[in-house]
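Quick note: numbers below take in every heavy atom, side chains included, and nothing from hydrogens, waters or symmetry partners. It should be emphasised that the depicted structure is a prediction, and the values quoted were computed from it without experimental measurement. In listed order, ligands and their atoms are each counted from 1. Heads up: numbering here begins at 1 and tracks the sequence.
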Amino acid sequence: MSSREDARAVTPPDNTPLKIKKPKSIAAGIPAANSSLIHGIKKMGVTKTIKTLITVNQPDGFDCPGCAWPDPEHASAFEFCENGAKAVADEATRSRVTPDFFAKNSVQDLSEKSDFWLNKQGRITHPMILKPGQNHYEEISWKDAFEMVAENISTSDNPDRSVFYTSGRTSNEAAFLYQLFARTLGTNNMPDCSNMCHESSGKGLGETIGIGKGTVSLEDFNHSEFILVVGQNPGTNHPRMLTALRDAKRNGAKIIHVNPLPETGLVRFKHPQDYMKLSFGSEALADMHLQVKIGGDAALMHGLMKVQLELDALDHEFIETSTIGFDKLIENIRSTSWKCIEDDSGLTRFQIEKAGRMMSKSKASIACWAMGLTQHKNGVAVIQEVSNLMLMGGHIGKKGAGLCPVRGHSNVQGDRTVGIWERPSEQFLARLDAACGITSPREHGVDVVEAITKMQEGEVDLFFCMGGNFISATPDTLATAIGLRNVKLTVQVSTKLNRSHLVTGDTALILPCLGRTELDVQKSGKQFVTVENSMGIVHTSKGGLNPASKHLRSEPWIVASMATAVLNDDRDWMEFALDYDNIRSLMSEALAGFDDYNERVRSPNGFALPNPPRDSRSFNTPDGKAHFVSHELPDVTIPKDRFIMMTIRSHDQYNTTIYDLHDRYRGIHGNRRVVLMNAQDMSDRGWKTRHIVDIISHFEGKERRSDGWQLVAYDIPKGNIATYFPEANVLVPLESTAVKSNTPTSKWIECSLHDPGTALSEE
Ligand SMILES: Nc1nc2c(c(=O)[nH]1)N[C@H]1C(S)=C(S)[C@@H](COP(=O)(O)OP(=O)(O)OC[C@H]3O[C@@H](n4cnc5c(=O)[nH]c(N)nc54)[C@H](O)[C@@H]3O)O[C@H]1N2
Ligand SMILES: Nc1nc2c(c(=O)[nH]1)N[C@H]1C(S)=C(S)[C@@H](COP(=O)(O)OP(=O)(O)OC[C@H]3O[C@@H](n4cnc5c(=O)[nH]c(N)nc54)[C@H](O)[C@@H]3O)O[C@H]1N2
Ligand SMILES: [Mo]
């Protein structure tokens, strides 16, 4: 009989045939509207589809669990996008994963199924336990589950042997309680998905403008004259952003798309709601596509800054009165040659000058970015280059201008604001301690990568995950699996089945929770929770659907119950679960900017958290100035016969959740194990589309391997390739992380491609 230790950590292929169509030039529009309805009806049925979709992102409804893009003040009755609708349908599915399902399917058998299959099985209905040496999960009561956590913590001699991970869907209330629990226990071990996501943005902007968040509001898009969209695929990952770009464009803004791929949506765009109003027009959003090589953005930024300097498109007064470091920056930019800029970026001087001239004419510019910048070794540095470019023209703290890191998970920003951070500031802790009567530990905790190393070293007894899918989201899947298997107890608070339930510690618990779409009724009545969007607006979210099972519990209830079982303190934790107003009252005292939280958050569109650069052009840096930070350009040479690989999302996935096997906009259907490759690079090697290759990644002398990938000729720069996350994560080296933010370099993996059968063993 196979054992649980054989469970596959790396997702097996779906083995369905690959179909290739022409990449789409128009995003959204009719196919998108159809696709959302089809997904909804297939998973939820007709009545539930309509009931659910009309409450997404409405003042009295629930916040879309899709992305963190803000809602307009006057949301239309259909304020959702195709991919938001998919996220909702996925949560509101009628399929169920019951104790009977686990009795029939062993952990090892389940691990042989693809991620797409696992997710399709539906919502988990009961708390489950996987006992040491067993291959099947069994039902457990909530009470026994919490006792198990309490026993693990009490036999562990040190609170730092517990690690508490958070994924970014967790509400402000649950996240606040969770960090209060961890700090009362005595640890700052709170890694979160941010560590793999926008950590580089937070770190970079914290140093340049004194706040690790963006400085624009949605309204700014209506007043902007120039918008850079760098390293981001909004058509798929933030579809509602296209509406803001469309409106900006109609108001005369120029838009430049900087990306190794010509992503659909920026090329042409039809608004699905326009379709409902029967308007059939479509419009080009981007005025220019700068097809940089992967990692070429820093060089491009130097080029754009050169042009601004030459044309004197500078805000001299702002530079003089509000910034430091400009002279050093100029010196640095002047010392970069155009030859170097062209070689590193893969763009011509002509293209960059044209883009730079466009920018120089703008009085109010916005720069947006996402994972194409953050997941690089120089992630922090390149974001500071973007910040340099914007600051020199004074494009901050005024209407229509600012920096706009576009966040991923719908509440990832809120989680950090309320304390999910392994490196909290003294200011944060002092206020928390005073309000809550605790003494938080001051020693910093572990981030995601450090947590994996700590697990590998046998220093973790409890690994508790508030949502997410750690084994699949993290780099170096096999290394992470070794770590997880070294832990005594792993706990997953989850809605859907995923691979993290299959690759576990000696004992594993699954604690099934309510999702965003569902009614949350506690002893005092119906509850709502609160979230913060990508632009710092905090608002409510209230689900309306009946819960998928009567055994589900809310995240705040789960934390309160765990704290009750584990801690012997004077606090009545269950008071918090009884009525979430009680949590928000404490948050008002403990968190800066949250005064009268219960009152203010109830206003229909919520309220904006303080943001000094945006509100008053002031900067919370030690000297009160905005900082220009100069950096050398990174080394982006690609060794001979090697490729630089980026790992990206398809149109039919939400991070590690695979909704379906299509990447419609890129024309790739039926199979996800593909490598997008430049046609010339392919023909140089005598390869054609569908040729099968094995991929080997190389980092500091160590090789990692993954076999059996099909090539697809694609419009991507020479020397660059792209694969999908999470299938390719086995190739991402754990040690390859961004300087200062420690974010895995998921967009810069040095690889070689081989005909099958060459050297090394299978993963
Ligand atoms: N439907 C859907 N929505 C989502 C998600 C999802 O999985 N599905 N995930 C959510 C989350 S958590 C996040 S963080 C966001 C992610 O949103 P994105 O950052 O848009 O996601 P990625 O697919 O990682 O895409 C990165 C983009 O950067 C480009 N890129 C890669 N390397 C470089 C580079 O060196 N330079 C430049 N200029 N571009 C580069 C890629 O071609 C791609 O277009 O989306 C959120 N929204
Ligand atoms: N190679 C590579 N790796 C990457 C990335 C990349 O671009 N390339 N991107 C990184 C990024 S940006 C991110 S943000 C991370 C994502 O990392 P995670 O946030 O850890 O992963 P997700 O796939 O979003 O988590 C999905 C699981 O969350 C659970 N879930 C869904 N809704 C809820 C809920 O309401 N409550 C609870 N408790 N659980 C819920 C479900 O069980 C589901 O299976 O991955 C990172 N990993
Ligand atoms: Mo993310």
Side-chain angles (χ1 to χ4, degrees), residues 65-69 81-84 86-87 90-91 115 118-119 123-124 165-171 174 192-198 229-239 257-261 263 290-297 300 369-376 382 406-410 412 448 465-475 492-501 510-518 555 558 636 644 646-657 659 716 720 722-729 731-732 743-744 746-749:
C67 70
W69 189 258
C81 66
E82 175 195 2
N83 278 347
K86 279 188 220 160
D90 197 65
E91 187 174 292
D115 293 342
L118 291 178
N119 178 57
R123 291 288 297 278
I124 303 168
Y165 174 75
T166 314
S167 164
R169 270 191 197 177
T170 298
S171 65
D192 74 337
C193 70
S194 249
N195 298 145
M196 301 179 268
C197 186
H198 266 292
V229 181
V230 194
Q232 200 204 336
N233 178 19
T236 285
N237 297 315
H238 304 92
H257 170 41
V258 182
N259 202 305
L261 304 179
E263 300 286 28
L290 294 178
Q291 191 164 25
V292 278
K293 291 199 286 201
I294 298 175
D297 305 273
L300 167 64
W369 68 89
M371 299 303 102
L373 290 191
T374 64
Q375 298 175 336
H376 279 281
V382 73
V406 183
R407 302 276 164 180
H409 264 303
S410 50
V412 61
V448 163
C465 292
M466 186 56 81
N469 181 4
F470 198 79
I471 183 73
S472 301
T474 50
Q492 296 284 328
V493 179
S494 306
T495 52
K496 304 286 292 282
L497 188 61
N498 65 43
R499 203 157 293 276
S500 296
H501 303 126
I510 302 177
L511 306 181
C513 67
L514 294 173
R516 283 272 172 84
T517 53
E518 291 167 324
E555 292 181 354
I558 291 172
V636 289
I644 297 304
M646 55 179 175
T647 54
I648 56 175
R649 291 156 170 79
S650 76
H651 196 63
D652 272 356
Q653 74 183 84
Y654 192 89
N655 298 339
T656 69
T657 301
Y659 301 137
I716 182 172
N720 289 171
T723 50
Y724 295 127
F725 141 63
E727 285 81 351
N729 283 34
L731 296 162
V732 186
T743 296
S746 307
K747 302 288 189 266
W748 181 277
I749 305 148

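No side-chain heavy atom of Met371 sits less than 4.5 Å from a side-chain heavy atom of Gln232. The shortest distance between side-chain heavy atoms of Asn233 and Ile648 does not fall below 4.5 Å. Contact check for Glu263 versus Val229: no side-chain heavy atoms found under the 4.5 Å cut-off.
Nearest to atom 31 (C) of ligand 2 by heavy-atom distance, out of Thr374, Ile558, Val732, Thr495, is Thr495. Residue nearest to atom 14 (S) of ligand 2, selected from Cys513, Cys193, Ser171: Cys193 (by heavy-atom distance). For atom 35 (O) of ligand 2, the choice among Met196, Arg169, Met466 with the nearest heavy atom turns out to be Arg169. Nearest to atom 13 (C) of ligand 2 by heavy atom, out of Arg649, His198, Glu555, Glu91, is Arg649. Distances from atom 6 (C) of ligand 2 to the heavy atoms of Arg516, Lys496, Gln492, Gln375 put Gln375 nearest.
Close approach to Val493 involves these atoms of ligand 2, each under 4.0 Å from a residue heavy atom: 37 (C), 38 (N), 39 (N). Each of the atoms 1 (N), 2 (C), 3 (N) of ligand 1 lies under 4.0 Å from some heavy atom of Thr236. In the vicinity of Ile294, heavy-atom distances shorter than 4.0 Å reach the ligand 1 atoms 35 (O). Set against the non-hydrogen atoms of Ile648, the atoms of ligand 1 under 4.0 Å away are 23 (O), 41 (C). The Tyr165 neighbourhood of ligand 2 comprises atoms 17 (O), 18 (P), 19 (O), 20 (O), with distances under 4.0 Å to a heavy atom of that residue. Atoms of ligand 1 lying under 4.0 Å from at least one heavy atom of His238, given by number and element, are 15 (C), 17 (O), 45 (O), 46 (C). Atoms of ligand 1 lying under 4.0 Å from any heavy atom of Leu261, numbered from 1 in the order shown and given with element: 42 (O).
Nearest protein neighbour of atom 16 (C) of ligand 2, counting heavy atoms only, is Asn655 ND2, 3.6 Å. Shortest contact from atom 4 (C) of ligand 2 to any protein heavy atom: Phe725 CE1, 3.2 Å. Remark: minimum distance from atom 46 (C) of ligand 2 to any protein heavy atom is reached at Ala473 O, 3.5 Å. What sits closest to atom 39 (N) of ligand 2 on the protein, heavy atoms only, is Gly467 CA, 3.3 Å. The protein heavy-atom contact nearest to atom 20 (O) of ligand 1 is Asn233 N, 2.8 Å. From the protein, the heavy atom lying nearest to atom 32 (N) of ligand 1 is Met646 SD, 3.5 Å. Asn469 N, 3.6 Å is the protein heavy atom nearest to atom 21 (O) of ligand 2. Scanning the protein for heavy atoms near atom 8 (N) of ligand 1, the closest one is Gln653 O, 2.7 Å. Here the heavy atom of the protein found nearest to atom 30 (N) of ligand 1 is Gly372 CA, 3.6 Å. Looking from atom 19 (O) of ligand 2 to the surrounding protein, the closest heavy atom is Ser167 OG, 2.7 Å. In terms of protein heavy atoms, atom 26 (C) of ligand 1 is closest to Lys747 CE, 3.7 Å. Among protein heavy atoms, the minimum distance from atom 43 (C) of ligand 2 is reached at Asn498 ND2, 3.7 Å. With respect to atom 41 (C) of ligand 1, the closest heavy atom belonging to the protein is Asn259 OD1, 3.6 Å. Protein heavy atom nearest atom 44 (O) of ligand 1, with residue, atom name and distance: Glu263 OE2, 2.6 Å. Protein heavy atom in closest approach to atom 36 (N) of ligand 1: Asp297 OD2, 2.6 Å. Here the protein heavy atom with the shortest distance to atom 25 (O) of ligand 2 is Gly468 CA, 3.2 Å.
Using modelled atom types, one finds no donor on one side chain facing an acceptor on the other under 3.5 Å when comparing Thr495 with Arg169.
His409 places no side-chain N or O within 3.5 Å of a backbone atom of Thr170 that could act as its donor or acceptor partner. In this structure, the side chain of Ser746 does not engage the main chain of Thr647 through any donor-acceptor pair within 3.5 Å. A distance-only check finds a donor-acceptor pair linking the side chain of Ser500 to the backbone of Ile471 [under 3.5 Å]. The main-chain N or O of Thr656 is never found under 3.5 Å from a side-chain atom of Asn469 such that the two would form a donor-acceptor pair. With Lys747 contributing its side chain and Gly231 its backbone, the two residues share no donor-acceptor pair below 3.5 Å. Remark: the backbone N or O of Gly468 is paired with a side-chain donor or acceptor of Asn498 at under 3.5 angstrom. The backbone N or O of Cys193 lies less than 3.5 Å from no partner atom in the side chain of Ser167, so there is not a single donor-acceptor pair.
Geometrically, ligand 2 and His501 share no nitrogen or oxygen pair separated by less than 3.5 Å. Between Asn237 and ligand 1, at least one pair of N/O atoms sits closer than 3.5 Å. Residue-to-ligand polar distances keep Thr647 apart from ligand 1: every N/O pair is separated by 3.5 Å or more. Residue Met371 has at least one nitrogen or oxygen atom sitting less than 3.5 Å from a nitrogen or oxygen atom of ligand 1, judged on distance alone. Close N/O approach between His409 and ligand 2 is found [any backbone or side-chain N/O within under 3.5 Å]. Any N or O atom pair closer than 3.5 Å counts here, and Lys293 shares no such pair with ligand 1. Some N or O of Val258 is nearer than 3.5 Å to an N or O of ligand 1, by distance alone.
Within the 4.0 Å heavy-atom shell around ligand 1 one does not find His651.
Of the heavy atoms in Asn729, only side-chain atoms (C-beta onward) come closer than 4.0 Å to ligand 2. For Val292, every heavy-atom contact with ligand 1 shorter than 4.0 Å involves the side chain, none the backbone. Residue Lys86 does not touch ligand 1, judged by heavy-atom distances below 4.0 Å. Proximity of Cys197 to ligand 2, defined as any heavy-atom pair under 4.0 Å, is shared by backbone and side chain alike.
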Verdict with reasoning, Met196 to Val732, per side-chain contact (heavy atoms from CB on, under 4.5 Å): CA-CA 12 Å; Met196 301 179 268; Val732 186; over 6 Å; no
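Side-chain rings of Tyr659 and His651 stay apart, their centers remaining 6.0 Å or farther from each other.
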